[in-house]
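Note that the structure is a prediction, hence the values are computed from the model and not measured. All values below were derived from every heavy atom in this structure, side-chain atoms included, with hydrogens, water molecules and symmetry-related copies excluded.
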Amino acid sequence: MNPPLLSYLRDRASAFDAIPSDRRAELEQVATYIRERLQQSEPAKLIFVCTHNSRRSHLSQIWAQVAAEYYSLAGVETYSGGTEATAFNPRAVAALQRSGLKITTDNPDATNPEYSVSIGDSATPQICFSKVYDAPPNPTQNFCAIMTCSQADEACPVVIGCELRMPIRYEDPKVADDTEYEAQRYDERSAQICTEMLYMMSQV
């Protein structure tokens with residue numbers, strides 16, 4: 001794991017006390033689902049869903065997978081999707097890069113580029129791009145659906161194939177796009193999601 005990323009994760013893991021009790025309860029429900037799946041020697045598959053699969057769902061997918069690796073939880077698989085597909089927003093990509101993740105793409109000018117996200121040079125990368133939540137490579141059964149925005153939560157009252165549907169909503173950093181606070185807001189949201197995903201995996 002990249003040393004800057006490891007340092008970032010340790011800082012975020014020291015901030016668990018800042019997570020409100022109601023948020024902890026929601027995260028612990030997902031942790032219980034993960035623990036039960038792993039105890040059955042089955043993969044724990046998590047799909048993070050937001051409207052456009054461009055910011056919050058990708059941040060959640062990536063930090064959840066990193067958190068699972070941080071706590072050495074083999075068998076956790078994370079995915080993301082939207083109620084529609086757009087593109088992984090480059091502002092969110094930049095926030096993740098500032099945290100120490102290595103992110104590259106072969107075609108940044110594509111309408112919906114694929115990004116390779118890695119915790120270190122020898123690690124297997126996650127391949128991230130925008131897609132609807134039931135499109136490949138996302139699983140279509142035996143998974144937990146985590147709704148990261150109110151619009152997607154309301155638009156998908158039922159997620160077919162999921163064993164657990166859990167709303168864990170985040171404020172959209174998009175509100176700061178093209179302002180002087182843009183990077184700050186994206187860094188704040190990324191840090192919040194990272195902290196909460198680390199807490200969730202620590203409870204498994």
Student: Are I168 and V49 connected, step by step, through hydrophobic side chains (Ile, Leu, Val, Met, Phe, Trp, Tyr) whose heavy atoms are closer than 4.5 Å?
Tutor: no
Student: Within a 6.0 Å radius of atom CG on D22, are there more than 12 heavy atoms belonging to other residues, nucleotides or ligands?
Tutor: yes
Student: State whether Y71 and R35 meet the cation-pi test: NZ (Lys) or CZ (Arg) under 6.0 Å from the six-membered ring centroid, and within 45° of the perpendicular axis.
Tutor: no
Student: Do any N or O atoms from the side chain of T83 and from the backbone of T51 form a donor-acceptor pair under 3.5 angstrom?
Tutor: yes
Student: When you group the ILVMFWY residues by side-chain heavy-atom contacts below 4.5 Å and let the links chain together, are I146 and Y199 in the same group?
Tutor: yes
Student: Keeping the roles fixed (side chain from R189, backbone from E171), state whether a donor-acceptor pair exists under 3.5 Å.
Tutor: yes
Student: What heavy-atom pair brings F48 and S60 nearest, and what distance separates the two atoms?
Tutor: CD2-CB, 3.4 Å
Student: Just wondering, are more than 12 heavy atoms of other shown residues or ligands nearer than 6.0 Å to CD1 in I127?
Tutor: yes
Student: With rounding to the nearest 0.5 Å, note down the distance linking CD in E163 to SG in C144.
Tutor: 9.0 Å
Student: Does atom OH of Y181 have more than 12 heavy-atom neighbours from other groups under 6.0 Å away?
Tutor: no
Student: So, for L38 and A74, which heavy atoms are closest and what is the spacing to 0.1 Å?
Tutor: CD2-O, 3.5 Å
Student: Say whether R55 and Y170, considering side chains only, have a donor N or O and an acceptor N or O under 3.5 Å apart.
Tutor: no
Student: Evaluate the salt bridge (Lys or Arg N to Asp or Glu O under 4.0 Å) criterion for residues D177 and R185: first the C-alpha distance (whole Å), next the side-chain angles of each, then the deciding distance (0.1 Å), finally the verdict.
Tutor: CA-CA 9 Å; D177 283 5; R185 187 62 60 87; over 6 Å; no
Student: Tell me yes or no: between the side chains of Q192 and E188, is some donor less than 3.5 Å from an acceptor?
Tutor: no
Student: Would you say M166 and M200 are hydrophobically clustered, going by side-chain heavy atoms of ILVMFWY under 4.5 Å?
Tutor: yes
Student: Heavy atoms only: give me the nearest N107-P113 pair and the separation to one decimal.
Tutor: O-CB, 3.2 Å
Student: How long is the gap from CD on Q65 to CD on Q126, to the nearest 0.5 Å?
Tutor: 5.0 Å
Student: Give, for atom CD of E42 and atom CD1 of I34, the distance between the pair rounded to the nearest 0.5 Å.
Tutor: 15.0 Å
Student: Examine K131 relative to Y133 and say whether NZ or CZ is less than 6.0 Å from the centre of the six-membered ring and inside a 45° cone about the ring axis.
Tutor: no
Student: For the atom pair CG (L59) and SG (C50), what is the distance rounded to the nearest 0.5 Å?
Tutor: 9.0 Å
Student: With rounding to the nearest 0.5 Å, note down the distance linking CZ in R12 to CD1 in I193.
Tutor: 12.0 Å
Student: Could you tell me which residues satisfy ring-ring contact (aromatic ring centres under 6.0 Å, His included) with Y79, sequence neighbours excluded, listed by chain and number?
Tutor: none
Student: Would a hydrophobic clustering, with Ile, Leu, Val, Met, Phe, Trp and Tyr connected at side-chain separations under 4.5 Å, put L27 with L198?
Tutor: yes
Student: Please confirm whether the backbone N or O of Y186 pairs with a side-chain atom of S190, one donor and one acceptor, at under 3.5 Å?
Tutor: no
Student: Under the ring-ring contact (aromatic ring centres under 6.0 Å, His included) rule, collect the residues that match up with Y8, sequence neighbours excluded.
Tutor: W63
Student: Which distance, rounded to the nearest 0.5 Å, do you find between the CG of L5 and the OH of Y70?
Tutor: 10.0 Å
Student: Step through the shown structure and confirm whether more than 12 heavy atoms of other residues, nucleotides or ligands are within 6.0 Å of CG on D106.
Tutor: no
Student: Of all the heavy-atom pairs spanning R56 and P173, show the shortest one and how long it is.
Tutor: CG-CD, 4.2 Å
Student: When hydrophobic residues are tied together by side-chain contacts of less than 4.5 Å, even through go-betweens, does L46 share a cluster with V132?
Tutor: no
Student: Closest heavy-atom contact between A87 and S54?
Tutor: O-CB, 3.0 Å
Student: Just by distance, do the side chain of S7 and the backbone of P4 share a donor-acceptor pair under 3.5 Å?
Tutor: no
Student: State, without any angle test, whether S130 and N112 hold a side-chain donor-acceptor pair at a distance under 3.5 Å.
Tutor: no
Student: Assess the residue pair R24 and D17 against the criterion (salt bridge (Lys or Arg N to Asp or Glu O under 4.0 Å)); give the C-alpha distance rounded to whole Å, side-chain angles, the decisive distance to 0.1 Å, and a yes or no.
Tutor: CA-CA 10 Å; R24 290 190 189 198; D17 288 346; 3.7 Å; yes
Student: Whether the side chain of H52 engages the backbone of F88 through a donor-acceptor N/O pair (distance < 3.5 Å, no angle test) should be reported.
Tutor: no
